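Side chains are part of it too, since the values below use all heavy atoms of this structure and drop only hydrogens, waters and symmetry mates. On a predicted model such as this, the values are computed, not experimentally measured, just so you know. Naming: A, B, ... by sequence-line order, numbering from 1 per chain.
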There are 2 protein chains.
Amino acid sequence: MIRILLADDEHLIRGAMAALLSLEDDLEVVAQAATGAEALATARVVRPDVAVIDLQMPDLDGVSVAQALSTHLPTCSTMIVTSHGRPGHLKRALAAGVRGFLPKTVSSDVLATVVRTVHAGGRYVDPALAAEAISAGDSPLTPREADVLELALEGAPIDEIARRASLSPGTVRNYLSSAVGKTGASNRHEAARFARARGWI
Amino acid sequence: MIRILLADDEHLIRGAMAALLSLEDDLEVVAQAATGAEALATARVVRPDVAVIDLQMPDLDGVSVAQALSTHLPTCSTMIVTSHGRPGHLKRALAAGVRGFLPKTVSSDVLATVVRTVHAGGRYVDPALAAEAISAGDSPLTPREADVLELALEGAPIDEIARRASLSPGTVRNYLSSAVGKTGASNRHEAARFARARGWI
DNA sequence: AGAAACCCATGACAGATGTCATGCCGGCTA
DNA sequence: TAGCCGGCATGACATCTGTCATGGGTTTCT
C-alpha cells in the first residue's frame, strides 16, 4: 500500500483527487494539506511514501515544498501536479529533486501510474511539458537581469525598480536593455512577459 | 435525478469532480467536455439539467459558453467554477445568465448543494467572490479605453496598439493617458495590470 | 597571470511615451 | 435645440526609456 500526501489549495480538486486515488487498491491518501507550510508540517508527522503537490499554492511554492521535503524526508518521493506548466518550473522542480511532473490535464489513470512509478524510484515527466522545456532552452539572462526583469513585471517605472533593487536607475536601464536585446522584445514589459512565459523569471 | 454536464479542460479535475458528484444519490454526470465548443455541442444533444463549466478553457470562455447555453438551451441552468476569481468575470457571468459562481476552493459538499440550488431555480455566488466584486466597484473606463488598455496588456508599443485598434497613435495615447489617470497608475502597463486585476478588461 | 564573464555606475542621445490643449463629429438627454 | 459625453484626431512639450560607449571592480576558469 502506497501512502500518499496530497497538497492543493483548491479544496474541490484536492478532495476529488483523493477520491480518485483512493479508488486504486494499492494507493491510500493518508493526509491532505491546503498550503505549502501545512503540507510540510503534515509530512513530517505522517511520513508518506509519495507527496503529490500542486505547483501554485498561497504561501510556499510547490517546488520549495519539494526541496524541503527532499532534505527533511528523503524517503518520500515528491511529484508535482500543475495547471499552468511553465518550462522554468519544470527545470527548477527537477533540480529540487522532484520525481514526477504532470499537468492537470492528464487522466486519473496516468496519475495513479505515475504515483506508482515514482514510488518505485522511477521518474516521469509529461512529454508535452518536457518538449516545451527543451524548446524553451536555457535562460540567457544573467541573475541580475532576471532580478530586474522580475521587478519590471508589474509595470513599475524604472526609478521604482531601481529603488527596490537598490541599484542606480542607469544600471537598471542597462540590465533591462540587455534583457530586451536577449529576448528580442521591443520594450521591457514585453521582455518581462516573454521571460515569464519561458519560466526564466 | 439531476442530469449534469461537466466542462473543464483539466482532465484530472473533470474526472475527479465527476467522481465526487456521482457519489450523490440525486446527481448524475451525463456528459463531459474538455473545451467550450465541445461543451456546447454536447449540451445540445444531451440536454442536461445543469451545466458546470470551468471559467478558463482553451477555446471558448466559460462565460461565452454560458451565454450560448442560456439562449439555445434555456431549460439548462449554468454554473461556473473557477480557480482565479476575478470580479469582472463574476459580473459578466451573471449578465450572461449564470446561476452559480464558485471558486474551486470550495468543498464537494458545497458544490453538490449549489448544483441542487441552481437546478431548483435559485442562485448562488461565493460570498468571498461577491465581496471582492462589490469592493472592486464598477469600471470607470469608457469602452474604448478598455479596448486599448487590453491591447496594452501584453506590453506592445503604442504604434502596434494603434494598428491593432485601427486608431491613430495619438488617439491611443490619449485613451491610455486617461486610463492611467483613472487607475492612479504611473504608466499604461501598471494601469493595464490594475484594470485586469479588477476585472475591468 | 590573463581572459572572460558578470556587477555596478555614469553620461549622452534618440526615440517612445505621458500630458495637455484644442477641435470636429455623432448620439443622447434635458 | 442646446448641452454633455464619448469617439477620434492633431500638435506641442516634458519626461521617460532604450541604446550605446566607457570604465572600474570582482569572481571564475584556463
Please identify each residue that fulfils side chain to side chain donor-acceptor pair (under 3.5 Å) with [X], with sequence neighbours left out.
X        : value
A:Arg44  : none
A:Arg14  : A:Gln32
B:Glu154 : B:Arg164
A:Thr171 : A:Ser168

Exercise. Quick one, which residues of residues 149-166 of chain B touch DNA chain D with a heavy atom under 4.0 Å?
Worked result: none
Problem set entry | Worked check of side-chain hydrogen bond (donor to acceptor under 3.5 Å, both in side chains) between B:Thr105 and A:Glu10 | CA-CA 4 Å; B:Thr105 50; A:Glu10 293 173 332; over 6 Å; no
Exercise. Would A:Arg188 and A:Val148 count as a side chain to side chain contact (heavy atoms under 4.5 Å, CB included) if you check the C-alpha gap in whole Å, the side-chain angles of each, and the deciding distance to 0.1 Å?
Worked result: CA-CA 10 Å; A:Arg188 64 202 155 96; A:Val148 172; over 6 Å; no
Problem set entry | Pairs involving residues 140-191 of chain B, ordered by first then second residue, that meet ring-ring contact (aromatic ring centres under 6.0 Å, His included) (sequence neighbours left out) | A:His189-B:His189
For this session: Sort and list the pairs that fulfil ring-ring contact (aromatic ring centres under 6.0 Å, His included) and have at least one residue in residues 37-75 of chain A, not counting sequence neighbours.
Result: none
Exercise. Can you name the closest pair of heavy atoms from A:Leu73 and A:Pro48 and give their distance?
Worked result: CD2-CD, 4.0 Å
Exercise. Within less than 4.0 Å of OP1 or OP2 of C:dT10, is there a side-chain N or O belonging to A:Thr171?
Worked result: no
Electrostatic pair [X]:[Y] at N-O distance under 4.0 angstrom:
X        : Y        : result
A:Asp8   : B:Lys104 : no
B:Lys182 : B:Glu145 : yes
B:Glu24  : B:Arg116 : yes

Exercise. Under the side-chain hydrogen bond (donor to acceptor under 3.5 Å, both in side chains) criterion, do B:Glu38 and B:Thr42 qualify, and how do the steps go?
Worked result: CA-CA 6 Å; B:Glu38 199 181 312; B:Thr42 311; 5.1 Å; no
Protein and nucleotides 4-7 of chain D: nitrogen or oxygen contacts under 3.5 angstrom:
unit_1	atom_1	unit_2	atom_2	d
D:dG7	OP1	B:Arg144	N	3.3
D:dG7	OP2	B:Thr142	OG1	2.8

Exercise. Tell me, for nucleotides 19-30 of chain D in 5' to 3' order, what letter each nucleotide earns: B for a base near a protein heavy atom under 4.0 Å, S for only sugar-phosphate near one, - for neither?
Worked result: BB----------
Problem set entry | Annotated protein contacts, base or backbone, on nucleotides 24-30 of chain C with a non-hydrogen cut-off under 4.0 Å, one of B, S, - each | -------
For this session: For the helix from C:dA1-D:dT30 to C:dA30-D:dT1, measure the angle between the helix axis at one end and the axis at the other, each built from five pairs, rounding to 10°.
Result: 30°
For this session: Check ring-ring contact (aromatic ring centres under 6.0 Å, His included) between B:Phe194 and all other residues, then give those that pass, not counting sequence neighbours.
Result: B:Trp200
Problem set entry | A:Thr117 side-chain N/O to A:Thr113 backbone N/O, donor-acceptor pair under 3.5 Å | yes
Problem set entry | Protein-nucleotide distance (B:His189, atom NE2; D:dC16, atom C1'), rounded to Å | 11 Å
